[in-house]
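Scope of the values below: all heavy atoms of this structure, side chains included, with no hydrogens, waters or symmetry mates. Numbering starts at 1 and runs along the sequence shown. All ligand and atom numbering here is 1-based and tracks the order in the structure.
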Amino acid sequence: MNTFVPRVFSGMQPTGNLHLGNYLGAMVNWIRMQETHDCIYCIVDMHAITVFQEPKDLIRSTREVTAAYLACGLDPKRSIIFNQSRVAMHAELSWVFNCVARLGWMDRMTQFKEKAGKDKERASLGLYAYPSLMAADILTYKATHVPVGEDQKQHLELARDIAAKFNNDYAERIAELGFSGGFFPQPEPMIQGPATRVMSLRDGTKKMSKSDASDLSRINLTDDADSIANKLRKAKTDPEPLPSEAAGLAGRPEADNLIGIHAALSGVGKADVLAEYGGQQFSAFKRALTDLAVAKLSPITGEMQRLVADAAYIDTVLKEGGERAQAIAAPIMDDVKDIVGFLR
Ligand code: AQP
C-alpha cells in the first residue's frame, strides 16, 4: 500500500478582491493547517483567465491576492506561496487529465452551468475544463488535503475520480515502474467551520462571490470600517427577531448567514451566538457584528495596504515560492511522463 506524505494544497483566483467568504470558507483553515502540515498555497491565475481578464488587472489582482494571503497570516517561509502559471507542470498534467476525465463527468459540474449561464456555447473551453486543471493543481504535488469552501466539494470529488481512473488505467505500468498502491493519492476535501458557504448580503440564497455585480453583496478584505458598517446595515434580513436555537434558523437564509458569519469570526458555534442574541432585533445584532468584523478585518486591511505598496517584495515571494513548488512538481511530472509513455 502506498503511503503518501501528508501535504496541503489550495488556491484562490485573482479575479478581484478577496471577500469574507474566501476568508471564512478557506483562509482561516489554511492558516490553521500551516501549524501541522507542509502547505502549498497558490494564486490560480490560469483559472482566472477561463473568463477574460484585462492583463493589467490580472497582474494587479495577482499581487493584491498575494498581499491578502500574507496579511491574513500565511507565512512564506513556512508555506509555499506562488502564482500557478509559473509552474508549467500544472498545464502539463492537466492535459494528461483531460485525456483521463470523461465528458460525462464534466457535464455534471454545477459551477460550469452556473458560470456559463444560458449561453454555454459562448463559454471558453478552459471554463469547461476548469475542474481537470484543478485536479492537476492538487495532484502535481500529490497533495493529500485540500481546504476549500463548500462550493468546491464537487470539483474535489472529480479530482478523486480522476486520480482513481489514472491509477486504474495505468495500473500495470505503475506497478512495473515500482510504485506500489497507486501513483496518485485520493485528496481529502477539508470543508470545516460554521461558515463553509457564506452567502450574499443581498440574497441569502446566493453565494457571496467576487463576481457579483453588487459590491453591497460582499465584504471585501479591502473594505474600511465605514463600508463594512454600511454593508451590514443594508444586509437583507427578515422581520422576525433572532431565534434562540439553531432550529429556528430553518427557512431564514439571511439570518442563518449572519449568525454563521458571527460564529466564524468569533471562533464559536452558531448555538453560542444564538444563546447570546436570541430574541433580539437584527438592528442590535448587526451593530455587534459590525464591531466584530471591523476588529477582525481592519488589521488585515491595513497590512494588505502596506504590502501592496511593495510590489518588489510580493514578486520575490512569488518567484521563490514558484521555485520551491517546481522542485516538488518536476520529479512527479517526470514520473507521470514515464507512466504514460512519453519519451523524455
Ligand atoms: N461564499 C463563499 N463561502 C465560503 N467559501 C467560499 N469560497 C469562495 N466563495 C465562498 C472559497 O474560497 C476559495 C477560493 O475561491 P476562488 O477564488 O477560487 O473562486 P470562487 O469559488 O469562484 O470564488 P468567488 O468569489 O465566487 O469568485 P468568482 O466570483 O470569480 O467566481 C475556495 O476554496 C472557495 O471554496
**Request:** Sort out the contact shell of ligand 1: every protein residue with a heavy-atom distance below 4.0 Å, listed by chain and number.
**Result:** Gly11, Met12, Gln13, Thr15, His19, Gly21, Asn22, Gly25, Ala26, Lys115, Val148, Gly149, Asp151, Gln152, Thr196, Arg197, Val198, Lys207, Met208, Ser209, Lys210, Ser211
**Message:** Within the 4.5 Å heavy-atom criterion, are Thr15 and Val51 side-chain neighbours or not?
**Reply:** no
**Prompt:** Going by distance alone, is a donor N or O of one side chain under 3.5 Å from an acceptor N or O of the other, for Arg32 and Gln192?
**Reply:** yes
**Request:** On the 0 to 90° scale, with breaks at 30° and 60°, tag the Phe9-Tyr141 ring pair as parallel, tilted or perpendicular.
**Result:** parallel
**Item:** No-hydrogen, no-angle side-chain donor-acceptor test under 3.5 Å, Tyr23 and Asn220
**Value:** no
**Asked** Does any donor atom in the side chain of Ser132 or Asn98 lie under 3.5 Å from an acceptor atom in the other side chain?
**Response** yes
**Prompt:** Met46 and Phe112: same hydrophobic cluster, using ILVMFWY side-chain contacts below 4.5 Å?
**Reply:** no
